[in-house]
Amino acid sequence: MFDFGISLGLTSLPTGSDDCGDDPVPCLADPDISQGVFALAPGAHALSLVPVLSPGGLGSGYLRVQQGIVPEPGALLLLGVGLVALRLGGRRRT
């Protein structure tokens with residue numbers, strides 16, 4: 001998987017030898033088909049898939065875009081304060 005020509009990484013090694021066809025729904029649900037998850041920063045992207053293990057270098061590629069869960073800065077700050085408080089509280093007891 002490439003974004004503006006820069007490699008984002010490889011997908012998993014396919015374990016099946018069947019062609020899942022031209023319908024993305026069963027292809028994306030098939031665990032034997034090569035899959036990968038790539039985190040992208042907000043903004044514009046130019047994604048391209050390059051088949052590596054496909055006979056003759058041919059194949060179909062399907063992308064599913066899913067918005068990730070990104071914690072808000074306030075939640076991260078609260079988590080950090082809680083961890084520091086736990087650490088300091090543990091030191092006083094010993």
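Being a predicted model, the structure only gives us computed values, none of them experimental.
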Quiz item: How close do His45 and Phe4 get, heavy atom to heavy atom, and via which atoms?
Solution: CA-CE1, 3.6 Å

Quiz item: Under 3.5 Å, side chain of Ser34 to main-chain N/O of Leu13, donor-acceptor pair present?
Solution: no

Using distance only, find each side-chain donor-acceptor pair of residues 74-86 under 3.5 Å and give its atom names and separation, not counting sequence neighbours.
none

Quiz prompt | Single-linkage hydrophobic cluster, 4.5 Å side-chain cutoff, Ile33 and Val37 together | solution = no

Exercise. Please answer: with hydrophobic residues joined when any side-chain heavy atoms are less than 4.5 Å apart, are Leu49 and Phe38 in the same cluster?
Key: yes

Quiz item: Taking everything shown except Leu47 itself, do over 12 heavy atoms lie less than 6.0 Å from its CG?
Solution: yes

